[in-house]
Number of protein chains: 2
Amino acid sequence: MNYKEAKEKFIGTWGALGSLWGINKAMAQIHALLYVSPDPLSMEDIMEDLGISRGNASMNLRGLMDWGIVYKVNVPGERKEFFASEKDVSELARTIAKERSRREIQPTMRVLKEVSSIEDDGNKKTQELIKKTKEMYEFVETADAMLNRIVNQEQNWVTKTLVKFLK
Amino acid sequence: MNYKEAKEKFIGTWGALGSLWGINKAMAQIHALLYVSPDPLSMEDIMEDLGISRGNASMNLRGLMDWGIVYKVNVPGERKEFFASEKDVSELARTIAKERSRREIQPTMRVLKEVSSIEDDGNKKTQELIKKTKEMYEFVETADAMLNRIVNQEQNWVTKTLVKFLK
DNA sequence: TTAAACTTTCAAAAAATAATGAAAGTTTAT
DNA sequence: ATAAACTTTCATTATTTTTTGAAAGTTTAA
């Protein structure tokens, strides 16, 4: 497998995996491309490399910047904008976890809390709904907190301890 | 908010969240419905409650059974099949984590390994590709192992320790 | 201030995904 | 063995999501 094939394989796989962290194919592919590029790329470069339209490139780059994992880079002497990805994989994970928590987990927790707080009318079904959503709330709360901890500052203590266990 | 509204809110939210764990809306909604039902439901019940077709119900129930979080329940004296969801939220999470790892993370890791093993031809781009995919491989490997550990047996030691930290 | 270089927006088109429903398939009771 | 009760399959239709491309917008250089 040569460079070109390997790069395409990586970009393709990463693109297909986009759903894992909730983004579309083009967005994931742009990210993959920037992640393995030694230098920042222009929109032109990206369009050409991935075979996508200008509008598509523009919108998805904006999306990646909203996620906070891609940013504009000023290249001296160049008029157009260049883009680069966050290169540190831990930092990448940290940002993604934080964003997903904010965008999806927190809103869900709000609903779980709301639903589990309805009045108990004595009906079996109502009681089950309250019980199950309460359990779910507590679980998600713990899981989210764990994820954030793991992925955040406290990497030292917790991660090191865990990693020791896993080796 | 009464029972009906609360139930619909939960089912709707859970459905919208389906993408978080990679399943479609109907599938997530069926799961939500079964999760908060005190008793097993027939396909008829599910179709009616969610307003979906028979074919849709059938296929998505099968999908949920493939995930291993919904199963058939035999109700004595009834000819038709009844379905119930795994009710323990930790068990649910464990199953989902295991399946996602098997379906998505493992295949991705295989590609990362493959791509990071190409021959170093001395080119800067090739070297960057190798370096970045290697880093990603190592990170995903650790994260996957952590997730599995956390979600699996060793809950006692690790989880308790972590939970203590998070309270 | 003008115009070239570049980027963004968004209505329309294309592609991908999900849902329907009726025919085919299965199981069970008699 | 038959038929009623029920489930699955899958070609077709509907819906949703993504992509395009050209017009509108912005920035920069002269």
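Protein chains get the first letters and strands the later ones, always in sequence-line order, with residue 1 at the start of each.
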Round to a whole Å and report the spacing from [atom1] of [X] to [atom2] of [N].
X	N	atom1	atom2	result
Glu81(B)	dT26(C)	CD	P	14 Å
Leu50(B)	dA18(C)	CG	P	16 Å
Met43(B)	dT20(C)	CE	P	12 Å
Asn56(A)	dG21(D)	CG	P	11 Å
Glu78(A)	dT28(D)	CD	P	14 Å
Lys25(B)	dA16(C)	NZ	P	21 Å
Met27(B)	dA19(C)	CE	P	11 Å
Lys72(A)	dT7(C)	NZ	P	8 Å

Decide if atom NZ of Lys87(B) counts as having more than 12 heavy atoms of other residues, nucleotides or ligands within a radius under 6.0 Å.
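It does: Lys87(B) NZ has more than 12 such atoms within range.
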Check: Arg54(B) or Ile23(B): which one's nearest nucleotide on DNA chain C is closer to the 5' end?
Finding: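 The residue mapped nearer the 5' terminus is Ile23(B).
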Which atom of His31(B) lies closest to which atom of Ile69(B), heavy atoms considered
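In terms of heavy atoms, the two residues are closest at CD2-CD1, 4.0 Å.
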Determine, step by step, whether Glu141(A) and Tyr137(A) satisfy the side chain to side chain contact (heavy atoms under 4.5 Å, CB included) criterion, reporting the C-alpha distance in whole Å, the side-chain angles of both residues, the deciding distance to 0.1 Å, and the verdict. CA-CA 6 Å; Glu141(A) 188 182 35; Tyr137(A) 178 84; 3.9 Å; yes
Contact class for [X] (heavy atom, under 4.0 Å): base, sugar-phosphate, or nothing?
X	result
Asn24(B)	sugar-phosphate
Glu44(B)	nothing
Arg62(A)	sugar-phosphate

Do Arg79(B) and dT27(C) share a donor-acceptor pair, side chain to base, under 3.5 Å?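 Side chain to base: pair found, below 3.5 Å.
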Ser58(B), nearest nucleotide to its side chain (from dT9(D), dT20(D), dC6(C)):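 Side chain of Ser58(B) sits closest to dT9(D).
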Practice task
Consider the side chain of Asn60(A), meaning its heavy atoms from C-beta on, and name the nucleotide among dC6(C), dT20(C), dT19(D) that approaches it most closely.
Solution key: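 The listed nucleotide nearest to Asn60(A)'s side chain is dT19(D).
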Residue closer to the 5' end of DNA chain D, Gly55(A) versus Gly55(B) (nearest nucleotide)
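On the 5' side of the pair lies Gly55(B).
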ask   = Any side-chain donor-acceptor pair under 3.5 Å between Ser101(A) and Gln106(A)?
value =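 Yes.
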Approximate separation, where rounding is to 0.5 Å, of Leu33(A) CG and Leu41(A) CG: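 Going from CG on Leu33(A) over to CG on Leu41(A), the span is 5.0 Å.
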